[in-house]
Every structure is written in C-alpha cells, then in structure tokens.
Student: 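What follows is a structure written as structure tokens; I'll ask about it next.
Protein chains get the first letters and strands the later ones, always in sequence-line order, with residue 1 at the start of each.
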Amino acid sequence: AQSVTQLDSQVPVFEEAPVELRCNYSSSVSVYLFWYVQYPNQGLQLLLKYLSGSTLVKGINGFEAEFNKSQTSFHLRKPSVHISDTAEYFCAVKIVQTSYDKVIFGPGTSLSVIP
Amino acid sequence: DTAVSQTPKYLVTQMGNDKSIKCEQNLGHDTMYWYKQDSKKFLKIMFSYNNKELIINETVPNRFSPKSPDKAHLNLHINSLELGDSAVYFCASSHKRGWGDTQYFGPGTRLTVL
C-alpha cells in the first residue's frame with residue numbers, strides 16, 4: 001500500500017527566508033507526485049507535479065521540488081517566502097497505472113510566514 | 001467562470017437529518033471525486049466517478065450516496081447525519097482517469113452537525 005509522510009505538521013518561517021517542506025512516500029511501484037496548496041477557507045490547488053523526466057520540478061509562485069527516488073522523497077522548496085505563502089501544503093502520490101485512480105494525500109504541513 | 005463549484009458553501013443541520021451537497025464542473029473532465037477533510041485538515045477520498053460510473057468507493061458508511069446524473073455533476077447525499085459527519089467536503093475533477101492529471105478542487109462545503 002502507498003503512504004505519504006509529511007514530518008513537519010507546522011513550519012513557522014520569517015518573511016523572505018527560505019523554506020523546505022518535507023515529503024516522503026512509500027510505494028512498491030512507480031508513482032506520480034504532487035504538491036497542492038490550500039489557502040485559508042479555500043479548496044486545494046496544484047503547485048507542481050512530477051510525472052517523469054527531470055527530477056527538479058518548478059511550479060507556481062516560485063516553488064520547486066526535487067524527486068529523489070533513492071530516498072523516496074519529494075521535498076518542496078522556496079528561496080524566499082512571502083506573507084501570502086501562509087497556507088496548508090499537501091504532498092500527494094498516485095500510482096502510475098492507467099486503471100488506478102486514487103490519490104493519497106499526506107497529512108499536510110501548515111506554513112506560517114512571520115512578518 | 002468557476003471551474004468546480006459546490007453548493008451550499010455552509011450547511012448546518014441537526015443529527016438525524018438528510019442533506020445533499022451539489023457539485024458541478026465546467027472543465028469537460030471525465031472524472032470527479034468527493035473528499036472529506038476533517039478538523040485536523042486530513043484529506044481522504046470518499047468516492048470517484050468516471051463518466052458517471054463509480055470507480056472508487058472507499059470505506060464510507062452507506063448513509064453516504066453519491067449520484068452522477070451526467071459527467072459534469074456529482075452530488076453527495078447523506079442520510080441520518082451524525083456528529084462525526086461534521087467536516088469540510090470537497091468535490092474535485094480531473095481530465096482523465098488513471099493518469100498524472102491535476103485535480104481541480106471546488107471551494108468546499110463546511111458541514112456542521114449539531
């Protein structure tokens with residue numbers, strides 16, 4: 001079975017500082033990897049995703065993530081955060097199989113940007 | 001234009017009542033989903049439909065019944081509401097089943113059972 005771990009439930013960081021949100025997954029088969037962001041009182045929206053190819057993936061709002069197969073990780077990074085980045089961030093995995101449709105979300109990391 | 005819309009946004013009701021949440025997507029997607037997000041923000045899939053066909057049915061009480069009249073709509077009906085049903089329910093859609101497609105989420109329906 002697949003699972004997703006986000007070790008940090010809360011990450012406070014000062015404005016303009018860099019941030020890394022950690023994500024590790026467990027799967028015996030190939031997976032697609034996603035990061036979604038949920039702003040307060042809103043639905044989730046995609047930040048970036050890894051399907052194949054280059055392991056460094058760039059997303060919206062200056063975020064990027066690196067897929068590391070040997071460490072089964074997909075950590076999210078931003079070199080300089082803004083107040084508007086305060087939100088809940090979810091890492092997710094989906095099996096690479098055409099008949100399989102289930103996305104498994106991690107428990108989320110709450111990013112708080114301090115002015 | 002809103003891509004994935006849900007109604008109502010808020011729903012407050014008494015235990016034992018029956019309620020419905022509606023979801024519509026105008027993206028032309030084939031696949032739609034219902035998720036439940038609990039008070040700790042944990043997000044779990046409940047159902048998934050592909051072209052009106054149920055393809056994922058997680059361990060959800062049978063008081064929850066999804067209905068897809070066409071591939072643009074996926075409604076959720078809940079019978080005999082219980083306190084533990086209080087949560088935010090999200091509808092989502094994606095282009096094709098089984099690929100690395102982005103899921104597009106609605107704004108959520110906050111259900112409070114008193």
Side-chain angles (χ1 to χ4, degrees), chain A residues 1-6 8-11 21 23 27 29-53 57 59-60 67 74 86-112, chain B residues 2-10 21 23-25 27 29-51 53-60 74 87-110:
Chain A
Q2 292 69 43
S3 65
V4 181
T5 304
Q6 292 179 247
D8 307 305
S9 59
Q10 295 183 333
V11 174
L21 305 183
C23 172
S27 176
V29 298
S30 295
V31 294
Y32 298 124
L33 294 156
F34 306 82
W35 275 99
Y36 283 85
V37 60
Q38 183 180 24
Y39 297 107
N41 299 312
Q42 294 186 27
L44 282 72
Q45 63 183 84
L46 183 74
L47 270 179
L48 48 80
K49 61 183 176 183
Y50 172 79
L51 304 183
S52 64
V57 180
I60 62 170
F67 168 56
F74 191 54
T86 294
E88 194 82 20
Y89 290 80
F90 294 92
C91 182
V93 301
K94 186 176 184 182
I95 290 177
V96 178
Q97 182 179 320
T98 55
S99 62
Y100 193 86
D101 202 47
K102 185 172 158 184
V103 175
I104 297 169
F105 285 85
T109 296
S110 179
L111 175 64
S112 299
Chain B
T2 304
V4 182
S5 58
Q6 296 178 229
T7 54
K9 190 168 174 62
Y10 299 96
I21 308 172
C23 177
E24 176 181 1
Q25 54 95 2
L27 298 166
H29 287 166
D30 290 339
T31 308
M32 296 184 72
Y33 312 81
W34 276 111
Y35 287 89
K36 179 180 180 181
Q37 187 175 47
D38 63 24
S39 58
K40 294 183 179 179
K41 301 282 188 178
F42 187 71
L43 196 68
K44 188 172 180 188
I45 190 164
M46 301 171 70
F47 302 103
S48 174
Y49 269 73
N50 186 69
N51 276 325
E53 178 190 353
L54 179 66
I55 53 173
I56 293 177
N57 184 349
E58 288 296 287
T59 311
V60 176
L74 180 61
V88 181
Y89 292 84
F90 287 100
C91 177
S93 72
S94 65
H95 180 48
K96 280 197 296 191
R97 172 188 174 188
W99 298 92
D101 284 347
T102 301
Q103 292 195 9
Y104 293 83
F105 284 77
T109 296
R110 183 175 293 276

Student: Strictly distance-based, threshold 3.5 Å: is any side-chain N or O of Tyr33(B) a donor or acceptor partner for the main-chain N or O of Lys102(A)?
Tutor: no
Student: Which atoms form the tightest heavy-atom contact between Phe42(B) and Phe105(A), and what is the distance?
Tutor: CE1-O, 4.3 Å
Student: Tell me the closest heavy-atom pair linking Phe90(A) and Gln37(B), and the distance in Å.
Tutor: CZ-NE2, 3.4 Å
Student: If every non-hydrogen atom of Gln38(A) is compared with every non-hydrogen atom of Phe90(B), which pair is closest and at what distance?
Tutor: NE2-CZ, 3.2 Å
Student: For Phe34(A) and Asp101(B), which heavy atoms make the closest approach, and how far apart are they?
Tutor: CE2-O, 3.9 Å
Student: So do Leu44(A) and Leu43(B) actually touch side chain to side chain, heavy atoms under 4.5 Å?
Tutor: yes
Student: Let me confirm one number: the OG-NZ distance from Ser110(A) to Lys41(B), rounded to the nearest 0.5 Å.
Tutor: 8.0 Å
Student: Got a sec, which residues hit salt bridge (Lys or Arg N to Asp or Glu O under 4.0 Å) with Asp38(B), two or more places apart in sequence or on another chain?
Tutor: none
Student: Sequence neighbours excluded, which residues qualify as side-chain contact (heavy atoms from CB on, under 4.5 Å) partners of Lys36(B)?
Tutor: Met46(B), Ala87(B), Tyr89(B)
Student: What heavy-atom pair brings Asn41(A) and Lys9(B) nearest, and what distance separates the two atoms?
Tutor: O-NZ, 4.0 Å
Student: Taking atom types as modelled, find out whether Thr102(B) and Lys49(A) have a side-chain donor-acceptor pair closer than 3.5 angstrom.
Tutor: yes
Student: Of the listed residues (Glu58(B), Lys40(B), Gln6(B), Arg110(B)), which shares the most heavy-atom pairs with chain A below a 4.5 Å separation?
Tutor: Glu58(B)
Student: Under a 4.5 Å cut-off applied to non-hydrogen side-chain atoms, are Leu46(A) and Gln103(B) in contact?
Tutor: no
